[in-house]
Novice: 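I'd like to ask you about the structure that follows.
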Amino acid sequence: MAKFVLQPLGSTTDSPLFQRRRIHNENLAAQNVDNKKNGGAMSMLANGVCARCGEGFQLKDQIVNSNDQSWHPECFVCAQCFQSFPGGIFYEFEGRKYCEHDFHVLFAPCCQKCGEFIIGRVIKAMNNSWHPECFRCELCTGPLADTGFMKLAGRALCRECHAREKAKGLGKYICHKCHSIIEEGHIKFKEEAYHPYHFNCKSCGVELTADAREKNGELYCLRCYDKMGIPICGACRRPIEERVINALGKYWHVEHFVCAKCEKPFLGTRYYEKKNMAYCEIHYHQLFGNICFVCNNIVAGDAFTAFNKAWCVNHFACSVCDRKMSQKTKFFEFDMKPVCKTCFEKFPGEMKRRLKKAYDEHTKK
């Protein structure tokens, strides 16, 4: 029985068919190694398309990857200006990509104060957008972004400025200590207004009211202050620390001692007293004395009175012919004015009878 020995297969094998199959298998193995080295690039090129143009990729093409999508470099551009992204920086909004400039123009708010685009934190107020550092009080320029603001007459103000402006409009003061409006009664201490209850009397310790007074840099209640012998103005009820006017049984600031009728200060001029009230010369005579009906001046000497009016002696004249008359001259009343006898005789008969009857009744009284 014959014995056969198997020939080992390799590059020296004489069979042409085996050699062709060996070379084919080696080429397939080399192709698989190349595919693994390229990380599946061949598969991507075979199956992927550009997200913008929809065309496939060649092996030599460069590819831009973003959000699991692939792009040709020339297709990876801004959706607004169709230019490539400077520095590779882009902004994405609703599935579209924009360069920085176009994104700001289309979507970023503009600051009301500086006019620049706002990137990051935006303050929405007064129907506008602001940078946090640009949103400030219009009066004191203090920042409002974190402290809050109050709106007044179309202006954004901090709370202190708002209270101050509101108080000014109401004619009231702002407390220098608590910065709120002083609704009723205030005290002035070191040139500033305060709620009285923020202080106590230096002498007796009682809580102060609007009647408190300051002396030598300290505050006192009115009772303790009066004990110090300082006069109190009869008009404003405040202490008089400079020139004092003593009149009508009271003390007065110079500017507060005024005419009861016109309220003008006397400022050292003569005043007239009536029923514990002070009047200037003109209004005293108007109210209680004689003012000439013609010249409107005070009748210094004798006065001629008639028809609830007064005349200077030299100004009493006929209202028709302007002839001067004396107290002995006979005259008649016409329209509450004197008429001499000569002018009276020229009146119509019926008028004369009516005026004469009124004259006779007046003289009988």
Side-chain angles (χ1 to χ4, degrees), residues 113 123 125-126 130 134-248 250-267 277-278:
K113 182 173 179 64
I123 303 298
M126 309 293 290
W130 315 74
C134 291
F135 188 51
R136 295 178 173 272
C137 174
E138 291 193 25
L139 293 181
C140 68
T141 68
L144 300 176
D146 298 316
T147 60
F149 73 99
M150 304 290 284
K151 184 178 180 180
L152 182 65
R155 299 178 297 174
L157 305 177
C158 64
R159 298 184 184 277
E160 292 185 13
C161 290
H162 176 268
R164 191 178 299 109
E165 288 295 296
K166 186 176 180 181
K168 186 186 299 183
L170 297 174
K172 297 181 179 180
Y173 291 93
I174 291 294
C175 178
H176 190 66
K177 185 171 184 178
C178 65
H179 306 293
S180 59
I181 297 176
I182 303 176
E183 296 291 348
E184 293 183 2
H186 71 281
I187 58 174
K188 283 291 189 73
F189 183 54
K190 297 182 179 179
E191 305 298 327
E192 300 291 348
Y194 294 86
H195 286 108
Y197 53 75
H198 290 312
F199 300 92
N200 295 88
C201 175
K202 174 68 175 178
S203 179
C204 67
V206 69
E207 185 178 282
L208 296 181
T209 66
D211 292 329
R213 302 290 182 263
E214 180 184 0
K215 183 179 180 182
N216 299 329
E218 300 292 346
L219 289 173
Y220 299 87
C221 66
L222 185 60
R223 181 179 179 181
C224 294
Y225 189 84
D226 287 341
K227 292 179 181 179
M228 300 177 184
I230 299 176
I232 303 298
C233 178
C236 68
R237 301 301 303 162
R238 292 189 174 277
I240 306 173
E241 298 179 353
E242 297 180 358
R243 183 182 173 189
V244 180
I245 293 179
N246 187 356
L248 307 180
K250 298 179 181 179
Y251 297 101
W252 312 82
H253 286 108
V254 175
E255 63 274 14
H256 291 165
F257 186 53
V258 299
C259 171
K261 177 67 176 177
C262 65
E263 297 185 350
K264 291 183 178 179
F266 294 110
L267 300 177
M277 303 285 283

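We number each residue from 1, following the sequence as shown. What you see is a predicted model; the values in this text were computed from it and never measured.
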Novice: If you measure from CZ on Arg238 to CD1 on Ile187, what distance do you get to the nearest 0.5 Å?
Specialist: 9.0 Å

Novice: Nearest 0.5 angstrom please: Ile123 CD1 to Lys113 NZ, how far?
Specialist: 14.5 Å

Novice: Are the side chains of Glu214 and Leu219 in contact, using a 4.5 Å heavy-atom criterion?
Specialist: yes

Novice: Parallel, tilted or perpendicular: which one describes the rings of Phe257 and Phe266, with boundaries at 30° and 60°?
Specialist: tilted

Novice: Looking only at non-hydrogen atoms, find the nearest pair between Ala210 and Pro196 and report the distance.
Specialist: N-CG, 3.6 Å

Novice: Return the SG to CD1 distance between Cys175 and Ile182, rounded to the nearest 0.5 Å.
Specialist: 5.0 Å

Novice: Heavy atoms only: give me the nearest Cys134-Trp130 pair and the separation to one decimal.
Specialist: O-CE3, 4.2 Å

Novice: Would you please classify the geometry between the His253 ring and the His256 ring as parallel, tilted or perpendicular, with 30° and 60° separating the classes?
Specialist: perpendicular

Novice: What are the two closest non-hydrogen atoms of Lys202 and Glu218, and how far apart are they?
Specialist: CD-OE1, 3.6 Å

Novice: Hey, could you give me the CE/CG distance between Met277 and Leu248, rounded to the nearest 0.5 Å?
Specialist: 9.0 Å

Novice: Identify the heavy atoms of Thr141 and Arg136 that sit nearest to each other, and give their distance.
Specialist: O-NH1, 3.0 Å

Novice: Should the ring pair Phe135 and Phe149 be called parallel, tilted or perpendicular, given that the plane angle runs from 0 to 90° and is split at 30 and 60?
Specialist: perpendicular

Novice: Between atom CD of Glu255 and atom SG of Cys233, what is the distance when rounded to the nearest 0.5 Å?
Specialist: 7.5 Å

Novice: Take atom OH of Tyr251 as the centre, draw a 6.0 Å sphere, and report whether it contains more than 12 heavy atoms from other residues, nucleotides or ligands.
Specialist: no

Novice: Please find the pair of heavy atoms, one from Ile240 and one from Ile232, that lie closest to each other, and give the distance.
Specialist: CD1-C, 4.0 Å

Novice: Set out, in order, the CA-CA distance, both residues' side-chain angles and the distance that settles side chain to side chain contact (heavy atoms under 4.5 Å, CB included) for Leu208 and Cys201, then state yes or no.
Specialist: CA-CA 6 Å; Leu208 296 181; Cys201 175; 3.7 Å; yes

Novice: Please lay out, stage by stage, how Asp211 and Cys221 fare under the test side chain to side chain contact (heavy atoms under 4.5 Å, CB included).
Specialist: CA-CA 7 Å; Asp211 292 329; Cys221 66; over 6 Å; no

